Structure formats: C-alpha cells, structure tokens
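Below: the structure, in structure tokens.
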Amino acid sequence: MRFLLRFFMLASLLLAMAACAPKAEVKLDLKGTDMSGTQLGGDFSLTDHQGKPRKLSDYAGKVVALFFGYTHCPDVCPTTMLEYATVMKKLGADADKVQVLFVTVDPERDTGAVLAGYVPHFDPRFVGLSGTPAQIDAVKSAYKVVAQKVAGADGAYTVDHSAGSYLFDKSGKLRVYEAYGTPADSLTHDIRQLLR
C-alpha cells in the first residue's frame, strides 16, 4: 500500500512538472530564415502616425510584420509595403489577425502627419511608427538595422538602410526574418505558419 501511495505521489509530481514546463516551439515550414530562439530585438516604445504611444507588445495576439524604412524611399520601401498589402488581400479574413508596423529610419522628415499620409495608403490597418532620433536609434540597434544618410544635391538626401522585415508570432516572439524581395506568396505562407 505504501509503495502504491508513493507511486501515485511521484506520478502526480511528474505530471505537475510537465504541465509547468515551457512548451517547445513548434517547428515551422518557412520560406524565410527561422529566427526562433535568437536574442535579437525586444519590446520598444514609439509613437504611431496618429500620435498615440505604441509598444510592440501592444500587438500581442496578432502576428506582427516589422519593417524599417522611410517615406521618401524611392524603391525598397514602397515595394515591400506593396508586398505586405498583397499579403493582406491573400489572407482574407485572417488579415485581421496580422499587424504590419512601419518604423521610420528618417524621423527628422517622417513626422506623424507624413507617416499618416503614407503608411495607411498601402492598407488602412498598417501602422507607421516614429520617435526621437535617440528612440529610433535604440530600436534600430536592438534589431541590428543599419541606416545612413546619403547626401544629394541642394541639401536633399536619401537613406541607405537594411531592407528585410521581421515576423513575430502571436505570443510576441521573433520567429522569421524575410529578406528584401521576398514575394507576397512566400510572406503569406510564413504568416499562415505563424497563425496556426
């Protein structure tokens, strides 16, 4: 009888420990680069294109696509934003479970009003984020984003910058890096993996 009691106590203890153990991340079938388990990034606080303070963690429960760019960008940024707009159409009703965030690397020009005229143009659910140069530098550093002004004529400039995007799962964990030029079908595939 004593043996049976010990057995049940040990079995109960093992079950309780198993229930409390962290769940292993599900292996994903990805087109992009699997970033699961990396220490890159983290939460941040910036201001959205309507003047509201926003954190990355505000979007927990949704798959988040995070892209760094600027509104005067002649090619990379509008191309990427158009790809994500196409993704939203392909997702249908599931698009409401996805949040695209555009973080400016040019806070001097990309005011809230400028972002408000640019970012929602691609999809009204997209959110543009800006902040002080120091805030933007901190977020760029956390995500290993490089951005550098390139002087042009008459004081004009462009910004050379990292062109990929990051996908976060519904729990807010960084899971995928998508290189610039990833087609909408591949982005949609990876986002559907994260929506499971």
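Just so we're clear, the structure is a prediction, and the values are computed from it rather than from any experiment.
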Salt bridge between Asp160 and Lys149, side-chain N to carboxylate O under 4.0 Å? no
Supply the atom-to-atom distance Lys31 NZ to Asp185 CG, rounded to the nearest 0.5 angstrom. 9.5 Å
Can a donor-acceptor pair be found between the side chains of Ser165 and Tyr180 at a distance below 3.5 Å? no
Kindly say whether Arg125 contributes a backbone atom to a donor-acceptor pair with the side chain of Gln99 at under 3.5 angstrom? yes
Considering non-hydrogen atoms only, spot the tightest contact between Pro120 and Leu115 and give its length. CD-O, 3.4 Å
When rounded to the nearest 0.5 Å, the distance separating OH of Tyr118 from OG1 of Thr104 is 9.5 Å
Using only atom types and a distance under 3.5 Å, with no angle test, would you say the side chain of Thr182 pairs donor to acceptor with the backbone of Glu178? no
Give a yes or no answer on whether the side chain of Asp190 reaches the backbone of Gly32 with a donor-acceptor pair at less than 3.5 Å. yes
Heavy-atom closest pair, residues Cys73 and Pro78: O-CD, 3.5 Å
Between Lys55 and Asp58, is there a side-chain N and carboxylate O pair less than 4.0 Å apart? no
Under 3.5 Å, is there a donor-acceptor pair between the side chain of His189 and the main chain of Ala184? no
Measure the acute angle between the ring planes of Phe44 and Tyr143, then classify it against the limits of 30° and 60° as parallel, tilted or perpendicular. perpendicular
Could you tell me whether the side chain of Asp94 reaches within less than 4.5 Å of the side chain of Val98, counting heavy atoms only? no
Residues Ile136, Thr132; criterion side chain to side chain contact (heavy atoms under 4.5 Å, CB included); working and verdict: CA-CA 6 Å; Ile136 296 297; Thr132 65; over 6 Å; no
Answer with yes or no whether the side chains of Asp110 and Ser130 bring together a donor and an acceptor at under 3.5 Å. no
Test item: Leu66 and Val103 side chains (from C-beta on) under 4.5 Å apart, heavy atoms: yes
With a distance cut-off below 6.0 Å to the six-membered ring centre and an angular limit of 45° from the axis, does Arg175 pair with Tyr166 as a cation-pi contact? no
Which heavy atom of Arg192 sits nearest a heavy atom of Lys90, and at what distance? NH2-O, 3.0 Å
Counting distance only, does the side-chain N/O of Asp154 pair as donor-acceptor with the main-chain N or O of Ala156 below 3.5 Å? no
May I ask you to decide if Gly128's main-chain N or O and Asp48's side chain share a donor-acceptor pair within less than 3.5 Å? no
Within the distance-only criterion (no hydrogens, no angle test), does the side chain of Ser141 pair as donor or acceptor with the backbone N or O of Asp137 below 3.5 angstrom? no
What do the steps show when you test Asp123 against Lys89 for salt bridge (Lys or Arg N to Asp or Glu O under 4.0 Å), and what is the final call? CA-CA 10 Å; Asp123 186 292; Lys89 290 177 183 144; over 6 Å; no
Testing the basics here: between Lys170 and Leu194, what is the closest heavy-atom pair and its distance to 0.1 Å? CE-O, 3.8 Å
Same cluster for Val114 and Val119 if Ile/Leu/Val/Met/Phe/Trp/Tyr side chains link at under 4.5 Å? no
Hydrogens and angles aside, do Tyr157 and Asp106 bring a side-chain donor and acceptor to less than 3.5 Å of each other? yes
Side chain to side chain contact (heavy atoms under 4.5 Å, CB included) between Ile191 and Val87, worked out: CA-CA 9 Å; Ile191 288 172; Val87 167; 3.7 Å; yes
Hey, does the side chain of Gln193 reach the backbone of Asp29 with a donor-acceptor pair shorter than 3.5 angstrom? yes
Value for CD (Gln148) from OG1 (Thr158), rounded to nearest 0.5 Å, stands at 10.0 Å
What about His161 and Phe68, are their ring centers closer than 6.0 Å? no
Nearest 0.5 Å please: distance from the NZ atom of Lys97 over to the CG atom of Leu91. 10.0 Å
Any chance you could lay out the side chain to side chain contact (heavy atoms under 4.5 Å, CB included) test for Met35 and Leu40, step after step, and finish with the verdict? CA-CA 9 Å; Met35 300 288 289; Leu40 188 72; 3.7 Å; yes
So that I know where these two stand, are Phe122 and Phe102 an aromatic pair - ring centroids less than 6.0 Å apart? no
Mind running side chain to side chain contact (heavy atoms under 4.5 Å, CB included) on Lys173 and Phe168 for me, showing each step along the way? CA-CA 5 Å; Lys173 291 182 182 174; Phe168 297 80; over 6 Å; no
Between Phe126 and Met88, the two heavy atoms sitting closest are CE1-CG, 3.6 Å
Out of Leu101, Leu46, Leu174, which one pairs with Leu56 under the side-chain contact (heavy atoms from CB on, under 4.5 Å) rule? Leu101
Is there a chain of hydrophobic side chains (I, L, V, M, F, W, Y, each step under 4.5 Å between heavy atoms) that links Val146 to Val105? no
Heavy-atom check, side chain of Glu108 versus side chain of Pro133, under 4.5 Å: yes
At their closest point, which heavy atom of Pro107 faces which heavy atom of Gly131, and how far apart are they? CB-O, 3.3 Å
